[in-house]
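Right, one structure below, let's go through it.
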Amino acid sequence: MPTLLDKDRTVDLLATEFAAVTSLLAGLADGQWEVGTCLPGWTVHDVVAHLLGTELQLCGRPPPEADVSHLTHMRNPIATANEAWVESLRPLDPAEM
C-alpha cells in the first residue's frame with residue numbers, strides 16, 4: 001500500500017526547511033564555503049550544489065553534461081548524476097548558488 005502524504009503539510013514543511021537552509025547559508029563567511037565535510041572530497045559548497053541539483057532533478061531537469069570520468073567512487077547512475085551537478089556548479093560563487 002502506498003504511503004499517503006498531506007500535500008499542504010508537506011509543502012509547508014519543505015518551505016520551512018528551505019528557509020532554514022537559506023538562513024544557515026546566508027550566515028556563512030566566504031571561507032566557510034570551502035571547508036571540507038564528512039563526504040570525501042566535498043566542501044560545504046559541494047553539498048549545497050548537491051542539494052540544488054537534487055531539487056532541480058525533482059523539477060524535471062536532467063543532469064548537466066559534466067566530465068566526472070576522473071572520479072572513481074560512484075557506484076550507480078544516481079551517484080553519477082549527483083556528481084555531475086556538483087561538478088557543474090562548483091565554479092559558481094556562493095552568491096550565484
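The figures here come from the full heavy-atom set of this structure, side chains too, leaving out hydrogens, waters and symmetry mates.
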If two hydrophobic side chains count as joined below 4.5 Å and joins carry through other members, does [X] share a cluster with [Y]?
X: Val11; Y: Leu13; answer: no
X: Leu92; Y: Val47; answer: no
X: Phe18; Y: Leu24; answer: no

Would one find more than 12 heavy atoms of other residues, nucleotides or ligands at under 6.0 Å from atom [atom1] of [X]?
X: Glu96; atom1: CD; answer: yes
X: Ile78; atom1: CD1; answer: no
X: Arg61; atom1: CZ; answer: no

- prompt: Checking side chain to side chain contact (heavy atoms under 4.5 Å, CB included) for the pair Leu52/Leu89: CA distance, chi angles, key distance, verdict?
  reply: CA-CA 9 Å; Leu52 289 173; Leu89 296 171; 4.2 Å; yes
Say you draw a straight line from [atom1] of [X] to [atom2] of [Y]; how long is it, rounded to the nearest 0.5 Å?
X: Ser69; Y: Glu83; atom1: OG; atom2: CD; answer: 12.0 Å
X: Leu51; Y: Met97; atom1: CG; atom2: CE; answer: 8.5 Å
X: Arg90; Y: Asp46; atom1: CZ; atom2: CG; answer: 4.0 Å

query: At their closest point, which heavy atom of Ala49 faces which heavy atom of Val86, and how far apart are they?
result: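 Minimum heavy-atom contact is CB-CA, 4.0 Å.
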query: Looking at Pro63 and Ala81, what are the two nearest heavy atoms and their distance?
result: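 Minimum heavy-atom separation between Pro63 and Ala81: CG-CB, 3.7 Å.
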Is the shortest heavy-atom distance from the side chain of [X] to the side chain of [Y] under 4.5 Å?
X: Asp12; Y: Arg9; answer: no
X: Trp33; Y: Asp93; answer: no
X: Leu28; Y: Leu25; answer: yes
X: His73; Y: Pro40; answer: no
X: Gln32; Y: His45; answer: no
X: Glu34; Y: Val44; answer: no

message: The test is side chain to side chain contact (heavy atoms under 4.5 Å, CB included); show your working for Asn82 and Thr54 and say whether it passes.
response: CA-CA 7 Å; Asn82 286 338; Thr54 299; 4.2 Å; yes
- prompt: What is the ring orientation for Trp42 with His50, classed by angle as parallel under 30°, tilted 30 to 60°, or perpendicular over 60°?
  reply: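 Answer is tilted, since the angle falls between 30° and 60°.
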Short side-chain to backbone donor-acceptor contact, Ser88 and Ala84, under 3.5 Å: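 Judged by distance alone, yes, a pair lies under 3.5 Å.
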